[in-house]
Amino acid sequence: MNQFVDWMSQPWPWYVAGPMIGLTVPALLLLGNKSFGISSSLRHICAACVPAGIPFFSYNWKKETWNLLFVLGVGIGGFIAANFLANPSAIVISEATQADLTALGVSDFKALMPLDIFSWENVFNAKGFLFFVVGGFLVGFGTRYAGGCTSGHAIMGISNLQWPSLVATVFFMLGGFLMTNVLLEPLMKWVGF
Amino acid sequence: MKTTENIEEFEVTQNCEAPNLQEKEEKGLGMLKYLILGTLFGIVFVKAEIVSWFRIQEMFRLQSFHMYGVIGSAVIVGIISIQLIKRLKIKTIQGEQVRIPDKEFKKGQIIGGFMFGLGWAITGACPGPLFAQIGAGYTVVLVTLISALAGTWVYGKFADKLPN
């Protein structure tokens, strides 16, 4: 058992994780005729909590409760993995990335997320404004405007050979490349790194 | 008859992009399977470090194959699965025909997709990993989640005024 937990605690390679994620598509279809897509959960939460008479949020969200349970599960899974199957050693990322990020002012390379950025002390400063408020808003607004995120378009949509999903995925990547390679450096300097 | 009802209801929801198209109503313990599936998914997310801000940086800097391997192999498994379901006419466990709505092209996939990409590179998370990061103990990501909800809400408020 201990050996099993040790083995499970290693970071999982892409060729294990990718197919498992891919299998979520047929699992949801066959368990309940449901199309995979996580960002819709954000819409359902808005519809449930603050519909404010807006047509976009006036629908029977209760029918989509499955999606909310799914994301609750994702949170629970994150808790289980981090507390019972945690990798005992520091995260291993590419040396080039570590060098680039060090140059940007990131110094914590111990775990999944750098605490220089992702800690409560940054909530009310410029760093938090960029990484939590602006970043989060773009994720929420952008995914709904695009009609899906990595799961709904890049995985579910492309799996079903939908060309609009391929377009969306190309633009997800373009936005990411531009932010990472061009905008992030001046933005991080600006917020005090 | 039942199929027609469902399509109408689907339209009323203004095209929920990840719809529940099961005809049979589900309640109670039967819903647990989605919680369990989500939990497994969350474990994979954290164990494969897909929720890591560092991994997203590596991906967008083209300095590691990891994320491309994850997404690419997920898509290949997804394509094969859907083809098998369609060609072998595999039914759901309730005995229903599997129905997958087509994705319609709209300008939002370009503009919104680009905006999401910008945000993905900042937060290091698409919507799924947000939930997993919070569960994994990075509770400050709750702020990001609330902001993402605000973004979703603002989109909904102005949806009909945006180019589409």
Side-chain angles (χ1 to χ4, degrees), chain A residues 12 14 17-22 25-26 32-33 35 37-40 42 46 56 59 66 69-71 73-79 81-82 93-94 96-97 112-113 120 132-133 135-150 157 159 162 164 168 171-172 175-176 179-180, chain B residues 13 17-18 20-22 34-35 38-39 42-44 46-48 52-54 58 60 63-64 66 69-70 73-75 77-79 81-82 92 98 103 105 108-109 112-123 126-128 131-132 135-136 140 143-144 147-148 151-153 155-156 159:
Chain A
W12 298 0
W14 62 264
M20 286 178 83
I21 291 171
V25 169
N33 229 340
S35 288
I38 294 182
S39 63
S40 293
L42 302 175
C46 288
F56 190 74
Y59 61 93
W66 71 274
L69 285 168
F70 187 88
V71 295
V74 172
I76 295 171
F79 179 83
I93 60 168
S94 115
T97 308
L112 290 173
M113 312 274 280
W120 280 100
F132 313 143
V133 180
F137 190 91
L138 284 167
V139 168
F141 189 98
T143 50
R144 204 69 276 117
Y145 195 5
C149 59
T150 329
S159 290
Q162 299 292 303
F171 281 89
F172 298 165
M179 176 53 69
T180 304
Chain B
T13 68
E17 283 95 359
N20 168 17
L21 293 181
Q22 176 160 301
Y34 304 108
L35 187 74
T39 304
I43 292 174
V44 176
V46 171
K47 287 313 303 172
S52 167
W53 184 80
F54 294 121
E58 272 182 344
F60 285 130
Q63 289 163 342
S64 165
H66 185 76
V70 168
S73 58
V75 168
V77 169
I79 291 176
S81 309
I82 291 185
T92 73
V98 172
K103 308 267 182 197
F105 178 73
Q109 281 141 11
F114 190 76
M115 291 174 72
F116 163 53
L118 297 174
W120 188 10
I122 297 177
T123 61
C126 24
F131 294 96
V140 72
V143 181
T144 317
S147 190
T152 303
W153 191 88
Y155 169 74

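Each chain gets a letter, A, B and so on, in the order its sequence line appears, and its residues count up from 1.
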Among A168(A), G176(A), A81(A), single out the residue with the greatest number of heavy-atom pairs under 4.5 Å to chain B. G176(A)
For residues N33(A) and V98(B), determine if any side-chain heavy atom of one lies less than 4.5 Å from a side-chain heavy atom of the other. yes
Taken to the nearest 0.5 Å, the spacing of W120(B) CH2 from T143(A) OG1 works out to 12.0 Å
Given the options V133(A), V25(A), I21(A), which has more heavy-atom pairs under 4.5 Å with chain B than any of the others? I21(A)
When A136(B), A18(B), G119(B) are compared by non-hydrogen pairs under 4.5 Å with chain A, the top option: A18(B)
Distance (rounded to the nearest 0.5 Å) between Y145(A) OH and M115(B) CE: 8.5 Å
Among the listed options G75(A), G135(A), S159(A), G175(A), the residue most often paired with chain B at heavy-atom distances under 4.5 Å: S159(A)
Best-contacting candidate, S35(A), C149(A), S40(A), against chain B by heavy atom pairs under 4.5 angstrom: S35(A)
Beyond-backbone contact of I76(A) with L35(B), side-chain heavy atoms, under 4.5 angstrom: yes
Considering non-hydrogen atoms only, spot the tightest contact between G157(A) and K103(B) and give its length. CA-CE, 4.0 Å
Can you name the closest pair of heavy atoms from A148(B) and L42(A) and give their distance? CB-CD1, 4.2 Å
Over all heavy atoms of both residues, which pair between F105(B) and P164(A) is shortest? Give the atoms and the distance, please. N-CG, 3.7 Å
Closest non-hydrogen contact found for A17(A) with A48(B) is CB-CB, 3.3 Å
Who among G69(B), A74(B), A121(B) has the most heavy-atom pairs with chain A under 4.5 Å? A74(B)
Is it the backbone or the side chain of M20(A) that comes under 4.5 Å from a heavy atom of chain B, or both, or neither? side chain
Which value, rounded to the nearest 0.5 Å, describes the distance between E17(B) atom CD and S39(A) atom OG? 7.0 Å
Rounded at 0.5 Å granularity, tell me how far CD in Q162(A) sits from CD in Q109(B). 10.0 Å
Hey, which of I79(B), V140(B), V44(B) has the most heavy atom pairs under 4.5 Å with chain A? V140(B)
Are the side chain of E58(B) and the backbone of T97(A) linked by a donor-acceptor contact shorter than 3.5 Å? no
Quick check for you: among V75(B), T152(B), V46(B), which has the greatest number of heavy-atom pairs under 4.5 Å with chain A? T152(B)
Could you tell me whether the side chain of S147(B) and the main chain of F137(A) form a donor-acceptor pair under 3.5 Å? yes
Do I43(B) and W12(A) have side chains that get closer than 4.5 Å, going by heavy atoms? yes
Taking all non-hydrogen atoms of both residues into account, name the closest pair between W53(B) and M113(A) and its distance. N-SD, 3.6 Å
Could you state the interatomic distance from CD1 (I93(A)) to OG (S64(B)), rounded to the nearest 0.5 Å? 9.5 Å
Worked check of side-chain contact (heavy atoms from CB on, under 4.5 Å) between L138(A) and T123(B): CA-CA 9 Å; L138(A) 284 167; T123(B) 61; over 6 Å; no
Identify which part of I82(B) has an atom lying under 4.5 Å from any heavy atom of chain A, answering side chain, backbone, both or neither. side chain
Would you say the ring centroid of F70(A) lies under 6.0 angstrom from that of Y34(B)? no
Turns out that what part of V74(A) lies under 4.5 Å from chain B's heavy atoms comes down to both
Quick one, P127(B) and V139(A) - any side-chain contact, counting heavy atoms below 4.5 Å? yes
